[in-house]
Amino acid sequence: MPMIFISHRHRDREIAAEISSFIQRSTGGRVNVFCSSDGKSCGLSVGRIINQEIAKKLHECSVLILIHTRSDDDWTYCMWECGVAFDINRVLDGDQSGALKIVVFQFTSSAPRPLQELVNVDVRSVDSVAQFVRQLLTDTEFF
């Protein structure tokens, strides 16, 4: 079963929870969602090193959604998650064709610098959000 990893600052956990809930409902449970701020879907092992547990989840995911709400916040940990996910897939797959997708849910006028060349979801645009939902639910190549 494909998995989506939602990367977010804990300040944005309510947004992450809404996105997670929408994905789970709209896919009829055919997609697993990992959201670290959601204790129910978390699945992190007690007594383990958090970064290693997060790296395992990043290895399992097909899509990483980064919720980017404010450009002036510290995005170090989220950028670390994106970097780990990219490196794991590059090492395992040899190239990026058909590998992990990183999707930025952009609440600001620009995405984080390292991710600006990606086609992002501008959540301020109904058309952009609709395009993401359409691809998630109908594109057989999405995962």
Side-chain angles (χ1 to χ4, degrees), residues 1-27 29-125 127-137 139-143:
M1 191 172 344
M3 183 172 75
I4 295 178
F5 184 107
I6 300 179
S7 177
H8 64 288
R9 291 175 41 90
H10 281 268
R11 169 189 295 164
D12 300 321
R13 68 183 166 274
E14 291 176 7
I15 296 169
E18 285 298 321
I19 293 169
S20 174
S21 177
F22 171 79
I23 292 169
Q24 290 171 346
R25 277 191 328 269
S26 63
T27 62
R30 292 184 303 270
V31 175
N32 286 328
V33 179
F34 174 82
C35 184
S36 64
S37 63
D38 178 3
K40 294 177 282 189
S41 75
C42 191
L44 295 178
S45 301
V46 174
R48 303 283 188 192
I49 298 170
I50 291 173
N51 287 347
Q52 289 176 346
E53 292 291 297
I54 293 289
K56 285 181 194 175
K57 294 297 182 183
L58 289 164
H59 171 42
E60 296 169 11
C61 77
S62 306
V63 175
L64 181 146
I65 294 175
L66 169 64
I67 298 172
H68 186 254
T69 52
R70 290 188 270 216
S71 296
D72 58 344
D73 279 344
D74 179 10
W75 293 95
T76 305
Y77 198 81
C78 292
M79 290 295 99
W80 175 83
E81 289 175 335
C82 291
V84 168
F86 177 78
D87 281 348
I88 286 172
N89 278 274
R90 186 177 47 130
V91 169
L92 295 176
D93 296 335
D95 69 76
Q96 285 296 289
S97 59
L100 171 82
K101 280 186 183 167
I102 296 177
V103 179
V104 178
F105 275 35
Q106 192 174 313
F107 288 74
T108 62
S109 59
S110 64
R113 279 195 198 279
L115 305 175
Q116 285 181 345
E117 44 182 70
L118 298 174
V119 175
N120 296 319
V121 177
D122 183 347
V123 299
R124 301 164 301 164
S125 162
D127 292 338
S128 183
V129 173
Q131 179 182 5
F132 169 78
V133 171
R134 188 171 34 259
Q135 288 179 13
L136 170 70
L137 299 178
D139 186 349
T140 58
E141 302 295 317
F142 189 81
F143 292 101

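Remember, it's a predicted structure, so these values are computed and weren't measured experimentally.
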The criterion is side chain to side chain donor-acceptor pair (under 3.5 Å); which residues satisfy it with [X], sequence neighbours excluded?
{"X": "S109", "answer": "none"}
{"X": "S21", "answer": "R25"}
{"X": "S71", "answer": "none"}
{"X": "R134", "answer": "none"}

Roughly how far apart are [X] [atom1] and [Y] [atom2], rounded to 0.5 Å?
{"X": "E53", "Y": "F34", "atom1": "CD", "atom2": "CZ", "result": "8.5 Å"}
{"X": "I65", "Y": "I4", "atom1": "CD1", "atom2": "CD1", "result": "4.5 Å"}
{"X": "E81", "Y": "W75", "atom1": "CD", "atom2": "CH2", "result": "10.5 Å"}
{"X": "I15", "Y": "H68", "atom1": "CD1", "atom2": "NE2", "result": "12.0 Å"}
{"X": "R30", "Y": "L137", "atom1": "CZ", "atom2": "CG", "result": "8.5 Å"}

When you compare the side chain of [Y] with that of [X], does any pair of heavy atoms fall below 4.5 Å?
{"X": "N120", "Y": "D122", "result": "no"}
{"X": "P2", "Y": "V63", "result": "no"}
{"X": "V84", "Y": "I54", "result": "no"}
{"X": "S7", "Y": "M79", "result": "no"}
{"X": "S26", "Y": "V133", "result": "no"}

Who passes salt bridge (Lys or Arg N to Asp or Glu O under 4.0 Å) against [X], sequence neighbours left out?
{"X": "R11", "value": "D73"}
{"X": "D12", "value": "none"}
{"X": "R13", "value": "none"}

Set of ring pair (Phe, Tyr, Trp, His ring centres under 6.0 Å) partners for Y77, sequence neighbours left out: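 Once residues adjacent in sequence are excluded, the partners of Y77 under the ring pair (Phe, Tyr, Trp, His ring centres under 6.0 Å) criterion are W80.
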By ring pair (Phe, Tyr, Trp, His ring centres under 6.0 Å) - contacts of F132 (at least two apart):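 F132 satisfies ring pair (Phe, Tyr, Trp, His ring centres under 6.0 Å) with F105, F142 once adjacent residues are dropped.
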Only counting residues at least two apart or in another chain, list the ones meeting side-chain contact (heavy atoms from CB on, under 4.5 Å) with [X].
{"X": "A16", "answer": "I6, H8, C35, I67"}
{"X": "D74", "answer": "R9, T76"}
{"X": "N32", "answer": "M1, M3"}

Nearest atoms (heavy-atom pairs only) where V123 meets V129: CA-CG2, 3.7 Å
Shortest non-hydrogen contact between P112 and V104, atoms and distance: CD-CG1, 4.2 Å
